[in-house]
Each structure stands twice: as structure tokens, then as C-alpha cells.
Amino acid sequence: MKKMILTTLALSITLFAANNSNAMSGKALYKQECTACHMGFQTEFLPKRSWNKMMNTLEDHFGVDATFDKADEKTVKEYFASNSSNSKRNYGEMAEFARSIRSSETPLAITEIPKFKREHRRIPKRMIVQKEVKSLSNCMACHSDAQKGSYRERNILIPNYGIW
């Protein structure tokens, strides 16, 4: 009898722990939901107001319905809010991107950020529109370490053209 009670108790604790660990973190949900279609852009690129607007308009996310479970959307929105460019102190290049955005602006794309535009203004259109790149929002096409948050010039390799 004692063994059966202990076994039942152990099973109950295991099930409780499993049920309470099913809730994914905001970062994990972001990776699951968003990177299914595009690179997981670093949250520090955009201010909280941009992430809020983006999450509030997922039914038309750059022409696609990107809505998902409302509870999960809330978790991702909270993750963005606590990791946006104006939610914590950024250093280096991320801080430069953040400072280039006027407080009156709410960019929804990294490509709309003034510093991004300045950094990419000299790239000829033919290098961008080719099938291997398609658009400036495809960071990984030329920045091999973009997924890791590294956009160093020495690591830029433009498909069919070589080192930048």
C-alpha cells in the first residue's frame, strides 16, 4: 500500500511538472512561429512601439496572415517588449540602429531604419534583386552570421559577386 501511494505521488508530481513546463518562453515561441517564414531578426533592432504595432497587425504581416494562438501571441509580445531596442541598454551597432530611429517613427521593417538604409545605400540593385538575395530583408543571403546577430563587414559575401 505504501509503495502504491509513493508511486502515485511520484507520478502526480511528474505530470504536474510536465504540464507546467509546456508553456514555452517568448523567445522559443518567436523562433517557432516567426522563423518558420523568415530569419529571426534580433529584437534589439526595433523599439517596443514597432513590435507592438507588428503584433497587433499580424493578420496582414507584409501581405501574409501570420496570426497564431492568442495566448502565444501575448507571450511573444511580452518577449519583444522586454527585449526591444528601448527596453534595455544596447551597445555598439545595435545602439546605433536604435538611435537612428526618431521617436515619432514606428518602423515595421528593419529595412526602414535610417541606419540600415545608410549602410545599404551603395549596394547596386542588381546585387539585391538576384534570385539568391531577392530583397534587403534577406539578411542571411549576404551576412553569414546574421542569425547570430553579427553583421560585420568582413563577413559579407554577396552571392555571385563575392566579398563586399
Side-chain angles (χ1 to χ4, degrees), residues 21-125 127-130 132-159 161 163-164:
S21 68
N22 282 341
M24 293 177 75
S25 71
K27 185 175 185 176
L29 282 167
Y30 171 53
K31 286 185 177 190
Q32 174 184 299
E33 295 295 334
C34 304
T35 65
C37 298
H38 58 75
M39 181 186 111
F41 298 101
Q42 288 73 31
T43 55
E44 297 89 353
F45 271 121
L46 294 173
K48 182 179 176 179
R49 64 187 175 278
S50 293
W51 291 118
N52 281 338
K53 185 173 181 181
M54 191 175 304
M55 292 302 294
N56 291 335
T57 58
L58 287 176
E59 66 282 348
D60 184 15
H61 183 68
F62 301 97
V64 175
D65 182 351
T67 56
F68 51 102
D69 179 79
K70 292 298 177 198
D72 289 348
E73 282 183 12
K74 183 178 185 264
T75 301
V76 171
K77 191 174 183 177
E78 289 167 358
Y79 167 70
F80 287 152
S82 59
N83 292 283
S84 62
S85 65
N86 57 341
S87 67
K88 58 185 181 179
R89 191 168 178 98
N90 291 309
Y91 298 94
E93 199 164 26
M94 285 297 178
E96 292 174 30
F97 274 89
R99 282 194 304 269
S100 77
I101 303 170
R102 292 186 185 132
S103 60
S104 61
E105 297 174 330
T106 307
L108 292 181
I110 309 300
T111 56
E112 295 174 4
I113 299 172
K115 178 165 173 54
F116 181 97
K117 289 178 179 181
R118 282 192 305 273
E119 291 287 326
H120 294 83
R121 71 178 177 264
R122 293 180 291 128
I123 302 170
K125 188 174 182 176
M127 292 181 178
I128 299 165
V129 299
Q130 61 173 314
E132 292 84 359
V133 178
K134 295 182 185 164
S135 80
L136 286 175
S137 63
N138 184 11
C139 303
M140 293 187 308
C142 303
H143 296 272
S144 59
D145 294 330
Q147 193 63 53
K148 298 175 190 171
S150 177
Y151 299 89
R152 295 177 185 220
E153 281 195 32
R154 67 179 173 214
N155 293 339
I156 298 173
L157 181 64
I158 300 176
Y161 291 93
I163 297 171
W164 179 247

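Worth knowing before you read on, the calculation uses all heavy atoms, side chains too, and leaves out hydrogens, waters and symmetry mates.
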Least distance between heavy atoms, Ile110 atom then Leu46 atom: CD1-CG, 3.9 Å
Side chains of Pro114 and Glu105: closer than 4.5 Å at any heavy-atom pair? yes
According to salt bridge (Lys or Arg N to Asp or Glu O under 4.0 Å), who are the partners of Lys74, at least two apart in sequence or on a separate chain? Glu78
For Ser84 and Pro47, which heavy atoms make the closest approach, and how far apart are they? CB-C, 3.7 Å
Using residues 93-103 as the side-chain source, report each donor-acceptor pair under 3.5 Å to any protein atom, sequence neighbours left out, with the distance given to one decimal.
unit_1: Glu96; atom_1: OE1; unit_2: Lys115; atom_2: NZ; d: 3.1
unit_1: Ser100; atom_1: OG; unit_2: Phe97; atom_2: O; d: 2.8
unit_1: Ser100; atom_1: OG; unit_2: Lys115; atom_2: N; d: 3.2

What's the spacing between His120 NE2 and Trp164 CH2 if we round to 0.5 Å? 9.5 Å
Hey, is the main chain of Asp60 close enough, under 3.5 Å, to the side chain of Thr57 for a donor-acceptor pair? no
Just wondering, more than 12 heavy atoms not from Glu59 lying within 6.0 Å of its CD? yes
Are the side chains of Leu108 and His61 in touch, meaning some heavy atoms are under 4.5 Å apart? no
Taking all atoms of both residues into account, what is the closest heavy-atom pair of Pro107 and Glu112, and its distance? CA-OE1, 3.2 Å
Going by the side chain to side chain donor-acceptor pair (under 3.5 Å) test, which pairs reach into residues 37-55, not counting sequence neighbours? Gln42-Tyr151, Glu44-Lys88
Nearest 0.5 angstrom please: Arg154 CZ to Ile163 CD1, how far? 12.0 Å
Looking only at heavy atoms, the pair that brings Ala66 and Phe68 closest together is O-CD2, 3.3 Å
With rounding to the nearest 0.5 angstrom, report the OG1 to CE distance, Thr67 to Met55. 10.0 Å
Taking atom OG of Ser85 and atom CZ of Phe80, what is their separation to the nearest 0.5 Å? 12.5 Å
By side chain to side chain contact (heavy atoms under 4.5 Å, CB included) - contacts of Lys134 (at least two apart): none
Going by side chain to side chain donor-acceptor pair (under 3.5 Å), name the pairs with one or both residues in residues 139-148, residues two or more places apart or in two chains. Asp145-Asn155
Measuring from atom OG1 of Thr35 to atom OH of Tyr30, what distance do you get when rounded to the nearest 0.5 angstrom? 8.0 Å
In the structure I gave you, are the side-chain heavy atoms of Gln130 and Tyr161 within less than 4.5 Å of one another anywhere? yes
So CG of Asn83 and NZ of Lys27: to nearest 0.5 Å the spacing works out to 8.0 Å
Any side-chain heavy-atom pair from Glu33 and Asp69 closer than 4.5 angstrom? no
Residues in salt bridge (Lys or Arg N to Asp or Glu O under 4.0 Å) contact with Lys125, at least two apart in sequence or another chain: none
